[in-house]
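Take a look at the structure set out below.
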Amino acid sequence: MLDTLRIFTGTANRPLSDRICKYLCIEPSDAKVSRFNDGEIRVRINENVRGCDVFVVQPTQAPAENLLELLIVVDALRRASPRRVTAVIPYFGYARQDRKDRPRAPISAKLVANLVTVAGADRVLTMDLHSSQIQGFFDIPFDHLFAAPVLLGYFRDRAMKDTVVVGPDIGSAKMARAYAKRLGADLALVDKRRTDDGETAVMHLIGEVEGKNAIIFDDMISTGGTLARAAAALKENGARTIYAGCTHAILTEKSFENLRNSDIQELVVTDTIPQEHVPEGIGIRVLSIDELLGEAIRRIHEERSLSSLFI
């Protein structure tokens with residue numbers, strides 16, 4: 001069945017796509033994504049995909065051209081008569097606006113779901129959605145994986161004792177509890193209050209962290225302010241060492257500044273978003289989710305269950 005499997009990619013995270021192909025022991029499919037002179041995206045599919053099972057690997061982080069590339073590649077493939085087109089979106093962008101929480105606000109996540117569907121995707125595979133209810137915005141099969149096996153495997157290998165898993169806010173309690181259970185660790189939560197669109201203020205800590213090795217888990221990091229404040233609260237309450245694990249690292253200069261000045265000893269992230277320009281002096285370790293996504297692609301292609309990947 002692998003003879004009909006094709007994996008295409010845009011330019012948002014080509015190294016991850018190449019690693020997935022290497023795991024599956026196949027060559028990346030031939031497509032050229034370029035620009036016209038005025039900057040418009042140009043896509044050319046250079047091989048026959050008629051009757052094939054096609055996967056398009058493309059995260060949709062900023063800039064918006066990454067989302068447009070995904071839509072245009074999917075559209076180009078759909079018009080070439082494949083058996084199925086699956087959009088593999090390691091990082092699902094525009095997920096933070098998933099409801100109308102104030103007047104005249106968009107529901108951007110629903111808009112993106114509509115765009116992906118209308119472009120011609122038959123199925124979507126993604127990882128660690130910012131809000132799980134986004135799955136309900138799609139009327140096509142949707143597979144939602146978690147990076148927990150990759151992150152937990154790293155911290156298990158460190159064999160740390162007296163560990164406490166910390167949720168950076170009350171909304172992360174369910175995720176933090178699941179991580180703590182699988183690590184056999186204690187649980188603590190940081191009570192966070194948001195002061196405006198980009199800033200937060202830590203109020204107090206729920207749980208015991210004194211003398212323990214703390215690991216903060218979150219689905220994404222943007223400015224790094226939440227993690228830095230959570231780390232400060234842990235340090236004030238006597239935590240011995242502080243680590244952080246995050247699936248999606250949307251790192252900017254402000255993120256690097258906050259992390260450099262924080263009490264976090266090491267930040268562990270995945271490569272759902274490429275991390276190519278991390279400055280020196282910041283303890284960031286990047287883990288690949290190529291095997292997890294590759295195995296999911298194999299099982300979808302072979303019409304097998306994905307249940308074991310959620311354990």
Members other than I250 in its cluster, when Ile, Leu, Val, Met, Phe, Trp, Tyr link by side-chain heavy atoms under 4.5 Å?
Y91, M220, I273
With sequence neighbours left out, what residues match D101 under side chain to side chain contact (heavy atoms under 4.5 Å, CB included)?
R99, A105
For N213, all residues meeting side chain to side chain contact (heavy atoms under 4.5 Å, CB included), sequence neighbours excluded
M160, R240, T241
When V56 is tested against each of L71, V74, I7, T9 for side-chain contact (heavy atoms from CB on, under 4.5 Å), which residue passes?
V74
Checking [X] now: which residues fulfil side-chain hydrogen bond (donor to acceptor under 3.5 Å, both in side chains) with it, not counting sequence neighbours?
X	answer
E27	none
K235	none
T247	D128
S262	none

Extract all donor-acceptor atom pairs below 3.5 Å that involve side chains of residues 34-44 and protein atoms in other chains or at least two apart in sequence.
unit_1 : atom_1 : unit_2 : atom_2 : d
R35    : NH1    : E69    : OE2    : 3.4
R35    : NH2    : E69    : OE2    : 3.1
D38    : OD1    : E40    : N      : 3.2

Please identify each residue that fulfils salt bridge (charged side-chain N to carboxylate O under 4.0 Å, His left out) with E47, with sequence neighbours left out.
R6
Side chain to side chain donor-acceptor pair (under 3.5 Å) partner of E302, the single match among R299, R298, R304
R304
Just to verify, what does [X] make a ring-ring contact (aromatic ring centres under 6.0 Å, His included) with, not counting sequence neighbours?
X	value
F155	F217
Y94	none
F146	H144

Does atom CD (E253) have a neighbourhood of more than 12 heavy atoms from anything else shown, all under 6.0 Å?
no
